[in-house]
Amino acid sequence: MEWYKVSGVILASALIAMLSGKVADTLVDPTMPMEAALSVADAPPAPAAAKPQAVAVDISGALVMLASADAGKGAKIAKKCASCHSFNKGGKNKVGPNLWNIVNKSKASVDGYKYSKALSGYGGAWDWDALNGFLANPKAYVKGTKMAYAGLKKDGDRAAMLVYLRSLSETPADLPN
Ligand code: HEC
């Protein structure tokens with residue numbers, strides 16, 4: 001036999017050995033004692049696992065922190081948003097709308113920006129609760145939003161972001177009581 005045929009045969013048999021090992025593994029766990037392996041077949045089907053409950057995450061901590069939060073830290077965090085948003089007055093809409101004076105503004109109301117149906121149909125204003133909820137998890141807060149951002153998970157980061165957004169206004173909104 002030529003050398004390549006030999007190596008081909010070796011390769012092929014190695015493959016077959018691997019594959020049959022795999023198949024056997026999936027049929028019967030080789031570490032299982034024989035009786036256990038046999039009784040698996042007779043065991044009644046396992047009850048369907050309970051559906052995992054959605055765990056409500058408490059995000060209200062950020063709102064408590066607003067009074068002491070640092071807008072300068074928020075400005076740094078805003079670099080994560082800046083690929084999609086401008087923050088200055090009269091700034092251009094980019095992938096997302098301009099965010100000047102966004103606190104307490106009606107949702108989806110920046111001129112000249114084309115919002116998703118999900119956000120334009122959502123209603124209400126960007127009050128503290130709404131901004132806090134949206135920024136914690138945009139896709140969970142507005143199902144179907146086109147803002148492709150995972151969210152600011154830390155209360156402290158959101159608090160800093162919120163007071164930074166608040167500072168972007170000639171008449172900054174009152175902090176929540
Ligand atoms: C990958 C791009 C992207 C990033 C990053 C991003 N956004 Fe957005 N954002 C969008 C888009 C797109 C929309 C419009 C969503 C829609 O129409 O559903 C939006 C909408 C918003 C709105 C609602 C504006 C309005 O007029 O109703 C706010 C507030 C907002 N973003 C804040 C932020 C903040 C704060 C960050 C950073 C922590 C951020 N976004 C990061 C793309 C982005």
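Both ligands and their constituent atoms are indexed starting at 1 by order of listing.
- Those atoms of ligand 1 that come under 4.0 Å of a heavy atom in Ala108, given as number and element, are 25 (C), 26 (O), 27 (O).
- Between Lys146 and ligand 1, an N or O atom pair is found at a separation short of 3.5 Å.
- What you find for Tyr115 and Val110 is that their closest heavy atoms are OH-N, 3.0 Å.
- Note: an N/O pair closer than 3.5 Å links Thr145 and ligand 1 by distance alone.
- For a threshold of 3.5 Å applied to N or O pairs, the pair formed by Trp126 and ligand 1 contains at least one separation below that value.
- Ranking the protein heavy atoms by distance from atom 17 (O) of ligand 1 puts Ser116 N, 2.8 Å first.
- Any N or O atom pair closer than 3.5 Å counts here, and Leu152 shares no such pair with ligand 1.
- Of all atoms in ligand 1, numbered sequentially from 1 with element shown, those under 4.0 Å from a heavy atom of Ile102 are 24 (C), 25 (C), 26 (O).
- Ring pair Trp126/Phe134 is tilted by interplanar angle, where 30° to 60° counts as tilted.
- Note that CG of Asn104 is 11.5 Å distant from CG of Leu165, once rounded to the nearest 0.5 Å.
- Closest approach of Lys94 and Tyr113 over heavy atoms only: O-CE1, 4.0 Å.
- Between the CD1 atom in Ile102 and the OG atom in Ser109 there is a gap of 6.5 Å [rounded to 0.5 Å].
- Using 4.0 Å as the threshold, Pro97 has a heavy atom nearer than that to some atom of ligand 1.
- Closest approach of Ala67 and Leu175 over heavy atoms only: CA-CD1, 4.0 Å.
- A donor-acceptor contact shorter than 3.5 Å links the side chain of Lys153 to the backbone of Ala136.
- Taking 4.5 Å as the limit, every side-chain heavy atom of Ile59 sits out of range of all side-chain heavy atoms of Asn137.
- Taking distance alone, with nitrogen or oxygen atoms compared against 3.5 Å, Ser106 stays at or beyond that limit from ligand 1.
- Not a single N, O or S atom of Tyr149, from either the backbone or the side chain, sits less than 2.8 Å from atom 8 (Fe) of ligand 1.
- Any N or O atom pair closer than 3.5 Å counts here, and Lys80 shares no such pair with ligand 1.
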message: Please determine whether side chain to side chain contact (heavy atoms under 4.5 Å, CB included) holds for the pair Asn98 and Asn88, giving the CA-CA distance in whole Å, both sets of side-chain angles, and the decisive distance to 0.1 Å.
response: CA-CA 8 Å; Asn98 170 257; Asn88 54 325; 4.2 Å; yes

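- Close approach of ligand 1 to Phe134 (heavy-atom distance below 4.0 Å) involves ligand atoms 21 (C), 22 (C), 28 (C), 30 (C), 31 (N).
- Residue contacts to atom 8 (Fe) of ligand 1: His85 brings an N, O or S atom closer than 2.8 Å.
- Scanning all heavy atoms of the two residues, the minimum distance from Ile77 to Met161 falls at CG2-SD, 4.1 Å.
- Protein heavy atom closest to atom 14 (C) of ligand 1, with residue, atom name and distance, is Tyr113 OH, 3.5 Å.
- Of all the atoms in ligand 1, the ones that sit under 4.0 Å from a non-hydrogen atom of Cys81 are 34 (C), 35 (C), 36 (C), 37 (C), 38 (C), 39 (C), 41 (C).
- Residue-ligand proximity: Leu131 is placed with a non-hydrogen atom under 4.0 Å from ligand 1.
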